[in-house]
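What you see below is based on every heavy atom in this structure, not just the backbone, and it leaves out hydrogens, waters and symmetry mates. Chain letters run A, B, ... following the sequence lines, proteins first, then strands; residues in each count from 1. Model, not experiment: these values are computed from the prediction.
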There are 2 protein chains.
Amino acid sequence: MPRLYPLLIWSRARKMDNKKIEKISRALSDTNRIAILQEFKKKKDCLYCAEVNDLLDLTQPSVSHHLKQLVDADLLVPQKEGRNFKYLLNETVLNEYIACLNSLKD
Amino acid sequence: MPRLYPLLIWSRARKMDNKKIEKISRALSDTNRIAILQEFKKKKDCLYCAEVNDLLDLTQPSVSHHLKQLVDADLLVPQKEGRNFKYLLNETVLNEYIACLNSLKD
DNA sequence: AATAAACATCGAAATATTTAAATATATGAA
DNA sequence: TTCATATATTTAAATATTTCGATGTTTATT
C-alpha cells in the first residue's frame, strides 16, 4: 500500500466559464444595478432591501427584479432577517470576475 | 505677481460614469463577444476581422454587429488596412473598467 | 385571529437585443 | 473600367429585458 502525501492545491480563484462571465456582465449592464452595488461603499457591509427601494426611483417590483439579477449572478448574497431582507456583496465572485477581465490583457 | 509652480496631477485612470460602465458591461454580456476578446490572448496584439469571422459560428453581418458593440464601448480600436480591418484591444479602457469594479469593494 | 409591513411573483406593455437575408460600400486586382 | 473581396448597413423576425399594476406570501404586531 503506497503512502499518501498531502497535496497543496493553489487555487486563489476558480476559473469562470464564459456563460458565467456573460451573466455577471449582464447583471452589471444597468445603471440601477450599478447604483445598488455602489451604495455598498456608503454602508458598512450590508444593504437592506428597503434602502434600495429608497435609493432607486422605481416601484417595489422593479427593485425586486434588479436585486434578483444581482443575486442570480452571485454578486449579492441575500439574508432573510424577519420580514426584511439584507444583502451582502460577494467579493469573492467580484474578484473572480475581475481576474477574468485582467487575464484578457495578457 | 505670484510665482506659478508645476502641479503634478496623478490620474492614472479617468473616472468612468455609470452610463459608461453600463455600456461596457453590456458589451461584455455576450459569449460571442467574450470569445472575441479572449482571442487576443492567442494572437500577438491585433485581431483581423476575417479571423473573427472564422472564430464565431455566425454570419458575417452578425459578426460585424458584435464587433461594433465592442468598438462602440471603446474596448476595441478599429484600424483600416486596405480592404481589411484589424482591431486592437484598448487596455486603457479595460483598466479603467476594472478600476471601477475594484472600487466597489471598499 | 386580524391586520399591516416587507418582499416576491404574475401578466402585460414597451423597448432593446440578437440574428440572418438582402443589399450597399470600399478597396484591390485584372 | 470591371470584377472580386472584405466589411457595413438595412430590414425584419425572434427573443429578451425593463417596468408597472395587481396580487400573493411570509412574518411581526395588535
Side-chain angles (χ1 to χ4, degrees), chain A residues 17-40 43 46-90, chain B residues 17-40 43 46-90:
Chain A
D17 67 11
N18 285 2
K19 267 292 170 194
K20 181 73 181 168
I21 299 175
E22 175 184 66
K23 185 148 200 172
I24 293 175
S25 300
R26 190 167 295 274
L28 292 170
S29 69
D30 182 287
T31 51
N32 292 302
R33 296 194 287 266
I34 294 167
I36 292 172
L37 295 179
Q38 286 170 339
E39 192 66 10
F40 276 92
K43 316 300 295 184
C46 75
L47 193 59
Y48 282 86
C49 186
E51 293 175 310
V52 181
N53 274 294
D54 292 343
L55 175 70
L56 301 180
D57 193 22
L58 289 172
T59 61
Q60 177 267 322
S62 296
V63 172
S64 185
H65 163 74
H66 287 302
L67 285 169
K68 185 166 164 28
Q69 306 300 306
L70 292 169
V71 170
D72 286 354
D74 295 320
L75 286 168
L76 295 188
V77 179
Q79 283 194 353
K80 201 165 188 173
E81 245 188 20
R83 56 185 169 184
N84 301 325
F85 250 101
K86 76 177 178 190
Y87 295 92
L88 307 178
L89 184 62
N90 189 342
Chain B
D17 67 9
N18 285 1
K19 266 293 170 193
K20 182 72 182 169
I21 299 175
E22 175 184 65
K23 185 147 198 171
I24 293 175
S25 300
R26 190 168 296 273
L28 292 170
S29 69
D30 182 288
T31 50
N32 292 303
R33 296 193 288 264
I34 294 167
I36 292 173
L37 296 178
Q38 288 170 338
E39 193 67 9
F40 277 92
K43 318 298 296 183
C46 76
L47 194 57
Y48 282 86
C49 185
E51 292 176 311
V52 181
N53 274 294
D54 292 345
L55 174 70
L56 302 179
D57 193 21
L58 290 173
T59 62
Q60 178 268 322
S62 296
V63 171
S64 185
H65 163 75
H66 287 302
L67 285 169
K68 186 167 165 26
Q69 307 300 306
L70 292 169
V71 169
D72 287 353
D74 294 320
L75 286 169
L76 294 188
V77 178
Q79 282 195 354
K80 201 164 187 173
E81 246 188 19
R83 57 186 167 184
N84 300 325
F85 251 102
K86 75 177 178 189
Y87 295 91
L88 306 177
L89 185 62
N90 190 341

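- Protein atom NZ of B/Lys68 is 6 Å distant from nucleotide atom P of D/dT9, rounded to whole Å.
- Among the nucleotides D/dA8, D/dT19, C/dA8, the one closest to the side chain of A/Asn32 is D/dT19.
- Here the closest non-hydrogen pair linking A/Cys46 and A/Lys86 is SG-CD, 3.8 Å.
- Side-chain atoms of B/Gln60 stay outside donor-acceptor range of the base of C/dA20, with no qualifying N/O pair under 3.5 Å.
- Of the two residues near DNA chain D, B/Lys86 and A/Lys80, the one whose nearest nucleotide lies more 5' is B/Lys86.
- In terms of phosphate contacts, A/Arg33 brings a side-chain nitrogen or oxygen within less than 4.0 Å of OP1 or OP2 of D/dT18.
- Note on B/His65: a base of the nucleic acid sits closer than 4.0 angstrom, heavy atoms only.
- Here the side chain of B/Cys49 is nearest to one of C/dT9, C/dA21, D/dT7, namely D/dT7.
- As a whole-Å value, the separation of B/Gln79 CD from D/dA6 C1' is 17 Å.
- In this structure, A/Asp72 places its CG atom 15 Å from C1' of D/dT18, rounding to the nearest Å.
- At a cut-off of 3.5 Å, with distance as the only test, no side-chain donor of B/Asp30 or B/Gln69 sits close to an acceptor on the other residue.
- Place B/Asn53 and B/Arg26 on DNA chain D by their nearest nucleotides, and B/Asn53 ends up nearer the 5' end.
- Here the CZ-CG distance, from B/Phe40 to B/Leu76, works out to 5.0 Å after rounding to the nearest 0.5 Å.
- Residue A/Leu58 is in sugar-phosphate contact alone, with no base atom involved, counting any heavy-atom pair closer than 4.0 Å across all strands shown.
- Look at B/His66 and you'll find a side-chain N or O under 4.0 angstrom from OP1 or OP2 of C/dT19.
- Taking 4.0 Å as the cut-off between side-chain N and carboxylate O, A/Asp74 and A/Lys20 count as a salt-bridged pair.
- Distance, B/Phe85 CZ to C/dG28 C1': 15 Å, rounded to whole Å.
- Contact annotation: A/Asn84 side-chain N/O to D/dT26 OP1/OP2 distance is not under 4.0 Å.
- To the nearest angstrom, C1' of D/dT30 lies 11 Å from CZ of A/Arg83.
- Between the CG atom of B/Leu70 and the C1' atom of D/dA8 there is a distance of 16 Å, given to the nearest Å.
- Phosphate contact (OP1/OP2 of C/dT19, side-chain N/O of B/Thr59, threshold under 4.0 Å): absent.
- Using modelled atom types, no side-chain atom of B/Arg33 and backbone atom of A/Glu22 make a donor-acceptor pair closer than 3.5 Å.
- If you take CG of A/Asp30 and P of D/dT17, they are 12 Å apart, rounded to a whole angstrom.
- In this model, the phosphate group of C/dT19 is not approached by any side-chain N or O of B/Ser62 to a distance below 4.0 Å at OP1 or OP2.
- Straight-line distance from the OH atom of B/Tyr48 to the P atom of D/dA8: 14 Å, rounded to whole Å.
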